[in-house]
Amino acid sequence: MALKLAGGAAFGLSLLCVVAISLFHITYAEDPYRFFNWNVTYGDIYPLGVRQRGILINGQFPGPDIHSVTNDNLIINVFNSLDQPFLLSWNGIQQRRNSFEDGVSGTTCPIPPGKNFTYILQVKDQIGSFYYFPSLAFHKAAGGFGGIRILSRPRIPVPFPDPAGDYTLLIGDWYKSNHTTLKAHLDLGKKLPSPDGVLINGRGPNGVSFNVEQGKTYRLRISNVGLEHSLNFRIQNHKLKLVEVEGTHTLQTTYSSLDVHVGQSYSVLVTADQPALDYYIVASTRFTSKVITTTGVLRYSNSAGPVSGPPPGGPTIQIDWSLNQARSIRTNLTASGPRPNPQGSYHYGLINTTKTIVLSSSAGQVSGKQRYAINSVSYVAPDTPLKLADYFKISDVFRIGSISERPTGGGIYIDTSVLQADYRSFVEIVFQNNEVIVQSYHLDGYSFFVVGMDGGQWTPASRKQYNLRDAVSRCTTQVYPKSWTAIYVALDNVGMWNLRSEFWARQYLGQQFYLRVYTASTSIRDEFPIPKNARLCGKASGRHTRPL
């Protein structure tokens, strides 16, 4: 795919030079390249009937989908036409050996207004459904997000027939206020009010439709790109057959509706097996005192009539319903993943863990302002990306061990929290949620096995109920109120990786940290060198990347 961006031949030539130089060192010559030119601008949008200043990519809200195949090299030139620094991050793309390209404040310098940056990504050994989003300030509340799909290579078997169509559905809660207003509200130390609505692909109630032919089966890639709320997704009179979760082919369980927690992605198959009519597509908030609902339309090509009556209801505040559904999502052990060998050939349950990390969130006031924390530390970003400080050995940017591996029980304090773990260790991480809301956590650079979740306090005895055979492998997991979730993760990807709350106000106000996966080796087999085109900022300004 190639999209044209105004700027002239000189701009294009300089881009090709940067790309050619960089790719020579960090990609595999036999894998295909896909080139994208994106211009990020402001534009008027009306998702809930009120004019807002949205963030558009090539004039689109949401942004364009990225279509790719396992191992493709994605060369994405992003020109920032906003009046603020900007970055895109790639939710679920693992950036193997290359956290420099992750696009969050701890790894990558912002793109200044009027400037560009070329991301050089490889979707190495990955398949599945993901999304990208703007990671700085509160830009995510204005758009700038879009879907990512990674198809299997042609000779790798997929555990279901090719669908008749393949649709991206980006669902999420939404505010009528502009992103600058929301950010200013948080900067004053206040909590955000409840969202004003829910969107499907950037549109409000009945604003989007999907065409189907009777008797055919379609794949829907559903991602919750919102700011806060878990959403229940359902289609009137139709069943959802789950087939993939964030890069893992699952047991093909059929559901009447599906809880999609903020930051998560799912693929379902839907068969148009009902009478030829129009049917409601519904996304509604979960675990909220006031249920916010939006609708789209599933439209049969030979439809005899429009949608009628009220949209079908779904679960609202029921925790057990959601917990039981989450436990039912399992890996298809006999299906191939990105490689031909079965997904079940990796026996994670037989590996001894080398470390247990327990993470507990908290909310409170610091200097009279609202903050959120993990193990009592509320993260604050320095002006120098942590990865650059690490690479150039710049002192006074962060401290190893500035966050404890266990809850301290103390009050919230502010620091640039970095936790170190050894490369190739196999780690157990427990998310302990002592609060009364559903939490959602994401780890960049990795997929992890969700081995257990339950109510109450986690103890070593909780391991007795772990799923050590076919737990789903994913990159974003929910933690229910007054509950815990445990994951296993093989730390096989050197770098500086963001672990964050997907509740966007919470991550903005400190509920995140960076996991430094460290090795003393400097071999390119373990980590790629800094990209030649890397922007340098903060205390890294004036340094040099690598000789041309």
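The analysis underlying the following values was restricted to heavy atoms, covering all of them including side chains, and did not include hydrogens, waters or symmetry mates. Small disclaimer: the values here were computed from a predicted structure and weren't measured. Along the sequence shown, the residues carry numbers beginning at 1.
Checked by atom type, the side-chain pair N498/R500 shows a donor-acceptor distance below 3.5 Å. Side-chain contact check for T248 and T331: no donor-acceptor pair (N or O, by modelled atom type) lies under 3.5 Å. Inspection of the T293 and S284 side chains reveals no N or O donor paired with an N or O acceptor under 3.5 Å. No side-chain donor from either of R221 and T168 sits under 3.5 Å from a side-chain acceptor of the other. For N73 and D31, the side-chain atoms include no donor-acceptor pair closer than 3.5 Å. In this model, no donor atom of one side chain and acceptor atom of the other lie less than 3.5 Å apart for S501 and Q512. Defined by atom type and a distance below 3.5 Å, a donor-acceptor pair is missing between the side-chain atoms of E101 and Q95. Looking only at atom types and distance, the side chain of Y508 has a donor-acceptor partner in the side chain of D187 under 3.5 Å away. Using modelled atom types and a 3.5 Å distance limit, the side chains of E502 and Q264 yield no donor-acceptor pair. A donor and an acceptor atom, one from each side chain of Q126 and T70, are nowhere located under 3.5 Å apart.
For R219 (side chain) and S267 (main-chain N/O), no donor-acceptor pair under 3.5 Å exists by modelled atom type. Put simply, the side chain of D65 never gets that close to the backbone of H67: no donor and acceptor are under 3.5 Å apart. One N or O on the side chain of E244 and one on the backbone of S129 form a donor-acceptor pair closer than 3.5 Å. For D173 (side chain) and H229 (main-chain N/O), a donor-acceptor pair under 3.5 Å exists by modelled atom type. Judged by distance alone, with hydrogens and angles left aside, the side-chain atoms of N224 form a donor-acceptor pair with the main-chain N or O of G226 at under 3.5 Å. Side-chain N or O atoms of N58 include none that pairs as donor or acceptor with a backbone N or O of Q60 at under 3.5 Å. Q343 places a side-chain N or O within donor-acceptor distance of the main-chain N or O of H249, the cut-off being under 3.5 Å. Looking at D470, its side chain never comes within 3.5 Å of a backbone N or O of N332 through a donor-acceptor pair. The closest donor-acceptor contact from the side chain of S483 to the backbone of P481 lies under 3.5 Å. Distance alone, capped at 3.5 Å, places no donor-acceptor pair between the N232 side chain and the T316 backbone.
Contacts of S328 classified as side chain to side chain contact (heavy atoms under 4.5 Å, CB included), with partners at least two apart in sequence or in another chain: Y255, Q325. Not a single side-chain hydrogen bond (donor to acceptor under 3.5 Å, both in side chains) links N493 to another residue, sequence neighbours left out. Residues passing the side-chain hydrogen bond (donor to acceptor under 3.5 Å, both in side chains) test with D44: none are found, sequence neighbours excluded. Remark: A272 engages V212, Y300 in a side chain to side chain contact (heavy atoms under 4.5 Å, CB included) (not counting sequence neighbours). Listed by chain and number, the residues in a salt bridge (Lys or Arg N to Asp or Glu O under 4.0 Å) with K216 are E213 (sequence neighbours excluded). Partners of E246 according to the side-chain hydrogen bond (donor to acceptor under 3.5 Å, both in side chains) rule, which considers only residues two or more places apart in sequence or in another chain, are R474. The side-chain hydrogen bond (donor to acceptor under 3.5 Å, both in side chains) test applied to S152 returns no partner, not counting sequence neighbours. For T41, the side chain to side chain contact (heavy atoms under 4.5 Å, CB included) criterion is met by N39, L56, S81, not counting sequence neighbours. Under the side chain to side chain contact (heavy atoms under 4.5 Å, CB included) criterion, T295 pairs with P205, N206, Y280, V282, P311, sequence neighbours left out. Residues passing the salt bridge (Lys or Arg N to Asp or Glu O under 4.0 Å) test with D259, sequence neighbours excluded: R286.
The six-membered or imidazole ring of Y119 lies away from that of W38, with a centre-to-centre distance of 6.0 Å or more.
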message: Run the salt bridge (charged side-chain N to carboxylate O under 4.0 Å, His left out) test on D72 and R34 for me, step by step, so that the C-alpha distance in whole Å, both residues' side-chain angles and the decisive distance to 0.1 Å come before the verdict.
response: CA-CA 7 Å; D72 278 356; R34 296 177 187 264; 2.4 Å; yes
task: Kindly determine whether Q252 and F160 satisfy side-chain contact (heavy atoms from CB on, under 4.5 Å), including the steps that lead there.
output: CA-CA 9 Å; Q252 295 182 13; F160 49 87; 4.0 Å; yes
task: Evaluate the side-chain contact (heavy atoms from CB on, under 4.5 Å) criterion for residues V297 and V208: first the C-alpha distance (whole Å), next the side-chain angles of each, then the deciding distance (0.1 Å), finally the verdict.
output: CA-CA 6 Å; V297 177; V208 64; over 6 Å; no
task: Decide side-chain contact (heavy atoms from CB on, under 4.5 Å) for F61 and F145; before the verdict, give the C-alpha distance in whole Å, the side-chain angles of both, and the deciding distance to 0.1 Å.
output: CA-CA 8 Å; F61 168 73; F145 44 73; 4.1 Å; yes
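Listed by first and then second residue, the side chain to side chain donor-acceptor pair (under 3.5 Å) pairs that reach into residues 131-145 are Q84-H139, N91-Y131, sequence neighbours excluded. For residues 293-308, the pairs satisfying salt bridge (charged side-chain N to carboxylate O under 4.0 Å, His left out) are D278-R299, with sequence neighbours left out.
For the pair F138 and L186, the minimum side-chain heavy-atom distance is below 4.5 Å. With contacts defined as side-chain heavy-atom distances shorter than 4.5 Å, the pair F503/S440 does not qualify. Y266 has its side chain within reach of I329: a pair of non-hydrogen atoms, C-beta onward, lies under 4.5 Å apart. Side chains of W504 and L192 form no contact here, defined as non-hydrogen atoms less than 4.5 Å apart. With contacts defined as side-chain heavy-atom distances shorter than 4.5 Å, the pair Y175/L227 qualifies. With a 4.5 Å cut-off on side-chain heavy atoms, V78 and V40 count as touching. Annotation: side chain of I171 is not in contact with side chain of V225 (no heavy-atom distance under 4.5 Å). For the pair V158/I156, no side-chain contact is recorded, criterion being any heavy-atom separation below 4.5 Å from C-beta on.
Taking CZ of R203 as the start and CH2 of W174 as the end, the distance is 11.0 Å to the nearest 0.5 Å. Separation of atoms CD1 (I292) and OG1 (T285) is listed at 5.0 Å; rounding is to 0.5 Å.
Across every non-hydrogen atom of L88 and P134, the tightest pair is CD2-N, 3.8 Å. Of all the heavy atoms in C475 and H442, the pair that sits closest is O-ND1, 3.1 Å.
For R53 and Y42, the positive end sits near the middle of the six-membered ring, less than 6.0 Å away and at most 45° from its axis.
Other residues, nucleotides and ligands contribute more than 12 heavy atoms inside 6.0 Å of the CZ atom of R153. Dense packing is recorded around CG of D83, with more than 12 heavy atoms of other residues, nucleotides or ligands lying under 6.0 Å away.
Between F287 and H261, the ring-plane angle classifies as parallel under the 30° and 60° cut-offs. The aromatic rings of Y346 and F449 lie parallel to each other, their planes meeting at an angle below 30°, with 60° marking the opposite boundary. Relative orientation of the Y446 and W497 rings is perpendicular, given thresholds of 30° and 60° on the angle between their planes. Using cut-offs of 30° and 60° on the angle between ring planes, the pair Y33 and F35 is tilted.
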